[in-house]
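Below is one structure; the comments refer to it alone.
In the text below, chain A, chain B and the rest are named by the order of the sequence lines, each starting its count at 1.
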Number of protein chains: 2
Amino acid sequence: MEMRHDIKESVARRRQRPLVLEVRDELERMILLGEIAAGERLNEALLAERLGVSRGPVREAARSLEREGLVEAVANEGVYVRLLAPQDGLELYDLRAMIAGYLCAALAGRADDAIKAELQAFLAAMETAIGTQDEAAYFDLNLAFHDRIAEAADMGRARALYVSLGKEVRLMRLKVLSGAAALRQSNDEHARIVAAIVAGDVEGARAAGAAHHTSGKRKLLERLRREGGACHAPAGHADHVPQEGQTVTTTTDLGRIT
Amino acid sequence: MEMRHDIKESVARRRQRPLVLEVRDELERMILLGEIAAGERLNEALLAERLGVSRGPVREAARSLEREGLVEAVANEGVYVRLLAPQDGLELYDLRAMIAGYLCAALAGRADDAIKAELQAFLAAMETAIGTQDEAAYFDLNLAFHDRIAEAADMGRARALYVSLGKEVRLMRLKVLSGAAALRQSNDEHARIVAAIVAGDVEGARAAGAAHHTSGKRKLLERLRREGGACHAPAGHADHVPQEGQTVTTTTDLGRIT
DNA sequence: CAACAGAATATTGTTGACAATCTACAATCC
DNA sequence: GGATTGTAGATTGTCAACAATATTCTGTTG
């Protein structure tokens with residue numbers, strides 16, 4: 001009896017991820033890549049048809065994304081891609097800086113030689129990307145570098161938060177890692193983080209990890225001062241998003257802008 | 001036409017809330033109060049029947065709770081109330097301490113006389129509760145006090161995180177606010193927070209807010225040393241462990257269940 | 001008696017249909 | 001003309017049935 005194929009098929013089917021996971025990933029991808037713009041509404045029926053599933057999994061995926069902060073649901077109206085106000089963005093950077101510092105500190109207290117070497121290899125690879133002016137490669141390496149730190153720190157909730165907040169930040173569609181000078185500064189900060197982790201300097205690692213993200217916030221502040229407006233062009237149908245144009249204040253070491 | 005405010009409010013209230021919100025609140029209540037024990041599975045059909053709805057809203061509510069960290073879904077098997085390991089609890093306290101410090105610092109930089117007076121009134125009320133040894137009242141006041149700080153700090157994401165992490169902590173079912181000495185120490189720490197906020201001392205408020213939560217972590221550590229075991233008495237049915245080949249329904253590592 | 005295959009049962013995964021609600025636009029009135 | 005009301009279409013909210021999968025039970029076999 002020809003069983004091989006049947007068995008393989010059976011195993012494949014058993015490992016099939018529930019549709020809601022596929023849908024969630026796809027929606028997240030579309031949102032993060034801007035294929036669905038900030039402030040835009042997610043049409044359940046349309047998305048379901050395009051993805052070849054029914055509306056049930058789409059609705060579940062939307063609820064999941066809602067709790068993660070990528071979309072916002074309005075009763076009897078629909079779910080919208082979140083449109084962040086400038087002060088929301090600043091807050092996200094603050095939170096992310098704190099958690100990054102926490103993760104770096106945790107890793108500094110438990111890092112073994114293997115992870116230390118791995119992080120130093122990341123540094124070298126990013127240095128190479130800077131040399132060849134390959135910004136796309138640097139971007140990917142940068143992402144992998146930070147995720148590796150979060151993973152190695154072995155802090156489940158903090159890592160999840162860090163990743164989740166990173167996705168929220170991407171809603172603003174800022175291109176901060178652009179230009180040779182920015183890359184240069186970024187990897188210098190990376191080097192300080194790695195040095196502190198390698199030295200087992202817990203507080204130094206915390207400070208370096210937080211500072212690296214705070215510099216991203218500084219770039220956002222500069223852009224806000226220059227452009228003065230919202231982070232993203234407000235779509236016509238985003239009335240439910242709080243967007244009062246009040247003065248942005250922040251309580252970190254960067255002082256406050258008025 | 002001049003429509004009175006209470007009428008508009010009444011109409012708004014009558015406007016039916018989607019079932020998924022009601023179900024989510026009810027499930028959250030049941031989990032937080034321990035009516036569904038940690039590690040226990042949520043039976044969709046049973047819950048739907050008990051709540052008088054169909055399974056759709058129950059599933060959506062579960063997805064929502066999953067992203068919040070209260071439950072964990074396993075593909076083709078069900079969603080379980082999260083069972084926290086001791087180290088997960090410690091991590092939650094750390095995160096909560098950081099965010100509380102952030103919120104207190106933000107409030108110290110923007111507090112007006114009204115909120116300052118309000119916080120001092122909270123202090124006095126909690127002092128009274130200590131005097132009459134009314135632990136239940138102190139518990140409620142304590143909750144309201146911290147939520148008021150989070151609200152007044154006007155940091156949307158940080159506040160949501162603070163509240164959400166607070167619920168996760170409750171999964172461990174610890175009774176830290178018990179005994180006259182504990183209440184005494186707790187309100188002394190509250191007083192330091194309020195003093196820093198009233199003085200507009202941003203960094204002092206951050207430190208006091210963080211320290212207050214760190215002392216909760218210390219109590220958890222003491223208990224762990226004394227009892228040596230898990231945070232929660234392991235029920236016989238609560239030893240569910242996701243195994244190889246199962247699709248754990250989360251894209252991010254939401255921590256382990258043990 | 002232990003181990004195993006297979007049926008029976010319970011539970012989750014998914015779907016399409018129907019009801020409730022909102023939005024857009026045309027008809028009506030002042 | 002501008003505001004208001006009513007209607008049609010689109011979209012979300014909810015449900016119950018069916019399919020796929022996991023679990024439990026049971027009889028069989030070594």
Dump the pairs, protein N or O against N or O of nucleotides 7-10 of chain D, anything under 3.5 Å, distances to one decimal.
none

Apply the test salt bridge (Lys or Arg N to Asp or Glu O under 4.0 Å) to residues A:D88 and B:R157: give CA-CA distance (whole Å), side-chain angles for both, the deciding distance (0.1 Å), then the verdict.
CA-CA 8 Å; A:D88 293 328; B:R157 201 75 185 88; over 6 Å; no
Just the rounded figure in Å: distance from [atom2] of [N] to [atom1] of [X].
{"X": "B:R24", "N": "D:dG13", "atom1": "CZ", "atom2": "C1'", "result": "15 Å"}
{"X": "B:E40", "N": "C:dT11", "atom1": "CD", "atom2": "P", "result": "13 Å"}
{"X": "A:N76", "N": "C:dT23", "atom1": "CG", "atom2": "P", "result": "9 Å"}
{"X": "B:E44", "N": "D:dA20", "atom1": "CD", "atom2": "C1'", "result": "14 Å"}
{"X": "B:R63", "N": "C:dT12", "atom1": "CZ", "atom2": "P", "result": "12 Å"}

Spell out protein contact along nucleotides 14-20 of chain C as letters: B when the base is contacted, S when just the sugar-phosphate is, - when no protein heavy atom is under 4.0 Å; keep the 5' to 3' order.
BB-B---
Base, sugar-phosphate, or nothing for B:L42, non-hydrogen atoms under 4.0 angstrom?
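The residue B:L42 makes sugar-phosphate contact but no base contact.
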Are any non-hydrogen side-chain atoms of A:L165 and A:M98 less than 4.5 angstrom apart?
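A side-chain contact is absent here, since even the closest heavy-atom pair is not under 4.5 Å.
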Can you find a pair of side-chain heavy atoms, one from A:R96 and one from A:Y162, that are under 4.5 Å apart?
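A:R96 reaches A:Y162 side chain to side chain.
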Sub-3.5 Å donor-acceptor pair from the side chain of A:D112 to the main-chain atoms of A:I115, do we have one?
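Looks like yes, one N/O pair under 3.5 Å.
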Qualifying side chain to side chain donor-acceptor pair (under 3.5 Å) pairs with a residue from residues 45-54 of chain A, counting only residues at least two apart or across chains
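The answer is none; no pair qualifies.
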Quick test of your reading of the model: are [X] and [Y] salt-bridged, counting only N-O distances below 4.0 Å?
{"X": "A:K219", "Y": "A:E222", "result": "no"}
{"X": "B:R159", "Y": "B:D147", "result": "yes"}
{"X": "A:E66", "Y": "A:R63", "result": "yes"}

